[in-house]
Structure formats: C-alpha cells, structure tokens
Amino acid sequence: MVVVAVLTACAGPYQYYEGTGLHDATTAEIAGAWENVEGTRVVLRADGTALLDRLDGQHFDFEDGWRLSGTGTWQLADGDGGQFVRLALTARTRVETRPGMTAAAPSAPEPPSTYSWSFDVDRDEREALVLFFFYGDPDIGNTYVMTRETTP
C-alpha cells in the first residue's frame with residue numbers, strides 16, 4: 001500500500017488526461033474570434049491564418065510571464081482523445097509581460113520569436129465550443145480557457 005501511495009503522490013490530473021473525447025467540431029465552428037478573461041484575443045480565420053494578441057505560453061512556459069502577439073496559422077486536428085487546434089505563431093509583432101509578473105531577470109531567456117500551442121476542443125454546458133490548454137505545473141491541472149468573443 002505504501003508503495004502505491006508513493007508512486008501516485010506526484011500524479012496530478014493532467015498526467016491522466018486523455019482528451020475531451022469530442023470529435024464533432026468543424027473548422028467552420030472553430031473559425032472566428034476567441035478571448036479569455038486575461039485580455040487575450042485570438043482570431044482564427046477560415047483560410048487557416050491567425051491573429052494573436054497577448055497569448056501566454058503553454059505548460060511551464062506560462063511561468064516565464066511573457067505574452068506574445070503576432071500572426072500565424074492554425075488547423076483543426078483529431079486524435080484518439082478528441083479534437084485539438086494547432087496554433088503556430090510565425091511572425092511575432094509584440095511581447096508583453098503578464099500583469100502581476102515581475103520584470104524578467106537579465107539571465108532569463110528571450111521570449112520566443114515563434115511558438116506553437118495545442119488547444120483541446122470541448123463543449124460547455126450550453127454546447128458552445130471552448131478551447132483550452134494546460135499551463136504551469138501539470139500536477140495542478142490549471143487550464144487556460146478561450147471562449148467565443150462576446151460582442152459589447
């Protein structure tokens with residue numbers, strides 16, 4: 001019993017995550033403007049191009065505190081665990097620091113000029129699509145959620 005407890009003590013929700021199981025989203029449904037509560041905005045155009053504004057890093061890169069803006073490409077993909085959006089920043093136009101983060105140490109690496117994200121695709125309780133990725137320590141299972149942009 002003690003051995004099992006020790007082996008599973010570091011296993012967080014992300015380590016057992018196998019996807020959303022969603023396989024019915026279409027590219028037309030995914031195309032459009034997405035936002036999150038931190039002021040991030042991503043526009044996924046029907047032609048496969050993308051505009052990114054203040055998008056944070058995925059996984060442990062989130063801890064670096066940079067937010068990238070620029071242009072790129074996207075595609076909807078499907079795997080055994082469900083659908084996901086591959087988003088690639090190909091031309092960085094701006095780098096910001098996430099509010100509340102201290103200035104980067106002089107020895108900190110430069111934020112990337114190109115970057116790739118993988119957003120899982122799911123539906124909320126209203127059946128509306130949501131895009132999300134995990135950030136920070138995988139044992140914690142924090143999710144960075146993007147919802148369809150609301151019109152003011």
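- When the salt bridge (charged side-chain N to carboxylate O under 4.0 Å, His left out) test is applied to Asp124, the partners found at least two apart in sequence or on another chain are Arg126.
- With sequence neighbours left out, Tyr135 forms a ring-ring contact (aromatic ring centres under 6.0 Å, His included) with Phe62.
- The side-chain hydrogen bond (donor to acceptor under 3.5 Å, both in side chains) search around Asp122 returns none, not counting sequence neighbours.
- Residues passing the side-chain hydrogen bond (donor to acceptor under 3.5 Å, both in side chains) test with Glu35 are Thr150, sequence neighbours excluded.
- Qualifying side chain to side chain contact (heavy atoms under 4.5 Å, CB included) partners for Thr114, counting only residues two or more places apart in sequence or in other chains: none.
- Legend: residues meeting side-chain hydrogen bond (donor to acceptor under 3.5 Å, both in side chains) with Glu38, ordered by chain and number and at least two apart, are absent.
- Glu149 pairs by the salt bridge (charged side-chain N to carboxylate O under 4.0 Å, His left out) definition with Arg41, not counting sequence neighbours.
- Not counting sequence neighbours, Glu63 has no partner by the salt bridge (charged side-chain N to carboxylate O under 4.0 Å, His left out) test.
- Remark: Arg92 engages Glu110 in a salt bridge (charged side-chain N to carboxylate O under 4.0 Å, His left out) (not counting sequence neighbours).
- With sequence neighbours excluded, the residues satisfying side-chain hydrogen bond (donor to acceptor under 3.5 Å, both in side chains) with Arg98 are Asp56.
- Through side-chain heavy atoms spaced under 4.5 Å, either directly or across other Ile, Leu, Val, Met, Phe, Trp or Tyr residues, Leu51 is tied to Val43.
- The main-chain N or O of Gly48 is never found under 3.5 Å from a side-chain atom of Thr73 such that the two would form a donor-acceptor pair.
- A side-chain hydrogen bond (donor to acceptor under 3.5 Å, both in side chains) check over residues 74-86, counting only residues at least two apart or in different chains, returns the pairs His23-Asp78.
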